[in-house]
*Asks:* 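Sharing a structure with you now.
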Amino acid sequence: MVLCWGLGLTLTAFLLHLLVWRVRLPGRQTRALLVIFAGTWVAAALLLWGDAFPAGIRPSGPEFFSSGMLLASLAMAYVITYSALEADSPSLVMVGMIQKAGPEGLPREKFLEMAGNEVLIDPRLRDLVLNRQCRLEEGKYILTFKGIGMLRLIMFWRRLLGTGKGG
């Protein structure tokens with residue numbers, strides 16, 4: 001029952017995600033995904049509370065809570081994976097440039113010429129501003145409270161794993 005409800009809720013949220021993206025692409029996509037997944041669980045809880053489902057397929061309270069935990073786990077995995085689809089990573093952009101050069105390869109000088117700030121850095125800075133992790137004031141980028149929190153979380157995780165400050 002838990003697996004069926006958890007996967008069913010996840011599939012419902014995913015279909016809602018596709019529908020919303022077809023109608024209008026949200027400005028803050030990660031936030032929109034989290035709202036869709038959480039809203040799916042809340043809507044199901046309200047429907048269960050209102051006896052909208054027959055007794056044979058109705059989960060118990062603990063089963064529904066466990067289904068919600070499965071939904072949350074799958075939602076987090078999807079949101080993390082979705083960020084790779086949302087914007088090309090610098091590595092993906094570089095590999096794409098090399099691939100376009102074909103079997104003869106891409107000369108280093110031409111690669112450096114093509115891989116300027118507007119290709120690799122500017123899109124990431126726009127994403128940071130859009131997601132309110134930093135703001136642009138008088139030509140300077142300044143971390144927001146959200147950006148500082150994200151940085152601290154990542155640095156804590158790196159220290160915990162012993163990976164250092166690399167990029």
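Note that these values count all heavy atoms, side chains included, but never hydrogens, waters or copies made by symmetry.
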*Asks:* How many angstroms lie between CG in Leu33 and CD1 in Ile80, if you round to the nearest 0.5 Å?
*Replies:* 12.0 Å
*Asks:* Between Arg31 and Val79, is any pair of side-chain heavy atoms under 4.5 Å apart?
*Replies:* no
*Asks:* Once side-chain hydrogen bond (donor to acceptor under 3.5 Å, both in side chains) is applied, what residue pairs with a partner in residues 54-70 remain, sequence neighbours excluded?
*Replies:* Asp51-Arg58, Ser60-Glu63
*Asks:* At their closest point, which heavy atom of Ala101 faces which heavy atom of Gly105, and how far apart are they?
*Replies:*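 For Ala101 versus Gly105, the nearest heavy atoms are CB-O, 3.4 Å.
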*Asks:* Honestly curious: do Leu34 and Met150 fall in one hydrophobic cluster under the side-chain, below-4.5 Å linking rule?
*Replies:* no
*Asks:* Using 0.5 Å steps for rounding, measure from the CD1 atom of Ile57 to the CH2 atom of Trp5.
*Replies:*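 Here the rounded value is 6.0 Å.
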*Asks:* Is Leu15 reachable from Leu7 through a run of hydrophobic residues whose side-chain heavy atoms are each under 4.5 Å from the next?
*Replies:* no
*Asks:* Are more than 12 heavy atoms from other residues, nucleotides or ligands located less than 6.0 Å from atom CE of Met94?
*Replies:* yes
*Asks:* Step by step, work out the side-chain contact (heavy atoms from CB on, under 4.5 Å) result for Cys134 and Val129.
*Replies:* CA-CA 5 Å; Cys134 73; Val129 171; 3.9 Å; yes
*Asks:* How far apart are the C-alpha atoms of Phe14 and Thr40, what are their side-chain angles, what is the distance that settles it, and do they pass the side-chain contact (heavy atoms from CB on, under 4.5 Å) test?
*Replies:* CA-CA 10 Å; Phe14 181 72; Thr40 299; over 6 Å; no
*Asks:* Please answer: with hydrophobic residues joined when any side-chain heavy atoms are less than 4.5 Å apart, are Leu70 and Leu11 in the same cluster?
*Replies:*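 No, Leu70 and Leu11 fall in different hydrophobic clusters.
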*Asks:* Mind checking the CG-CH2 spacing from Leu16 to Trp21? Nearest 0.5 Å is all I need.
*Replies:* 10.5 Å
*Asks:* Sequence neighbours left out, what pairs pass side-chain hydrogen bond (donor to acceptor under 3.5 Å, both in side chains) with at least one residue falling in residues 8-18?
*Replies:*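 Those involving residues 8-18 are His17-Tyr78.
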*Asks:* Could you go step by step and tell me if Leu143 and Leu128 meet the side-chain contact (heavy atoms from CB on, under 4.5 Å) rule?
*Replies:* CA-CA 9 Å; Leu143 279 180; Leu128 289 173; over 6 Å; no
*Asks:* Report the distance from atom CG of Leu106 to atom CD of Gln99, rounding to the nearest 0.5 Å.
*Replies:* 11.5 Å
*Asks:* Start with the C-alpha gap between Asn131 and Gln29, add the side-chain angles, then the distance that decides, and say whether side-chain contact (heavy atoms from CB on, under 4.5 Å) holds.
*Replies:* CA-CA 9 Å; Asn131 289 313; Gln29 296 177 27; over 6 Å; no
*Asks:* To the nearest 0.5 angstrom, please state how far the CD1 atom of Ile148 sits from the CG atom of Leu153.
*Replies:*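 Going from CD1 on Ile148 over to CG on Leu153, the span is 13.5 Å.
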*Asks:* Look up atom CG in Leu71 and atom CE in Met69, then write down how far apart they are to the nearest 0.5 Å.
*Replies:*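 Interatomic distance, Leu71 CG to Met69 CE, rounded to 0.5 Å: 10.0 Å.
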*Asks:* Using the rule that Ile, Leu, Val, Met, Phe, Trp and Tyr join whenever any side-chain heavy atoms are under 4.5 Å apart, tell me whether Leu46 and Leu48 fall into a single cluster.
*Replies:* yes
*Asks:* Does Leu25 share a hydrophobic cluster with Leu18, counting links as ILVMFWY side-chain heavy atoms below 4.5 Å and allowing steps through other members?
*Replies:*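 Same hydrophobic cluster.
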*Asks:* Please, which pairs that meet side-chain hydrogen bond (donor to acceptor under 3.5 Å, both in side chains) have at least one residue in residues 133-146, sequence neighbours excluded?
*Replies:*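 The answer is Arg135-Glu137.
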*Asks:* Within the 4.5 Å heavy-atom criterion, are Arg132 and Arg28 side-chain neighbours or not?
*Replies:* yes
*Asks:* I'd like to know whether CZ of Phe65 has more than 12 heavy-atom contacts from other residues, nucleotides or ligands below 6.0 angstrom.
*Replies:* no
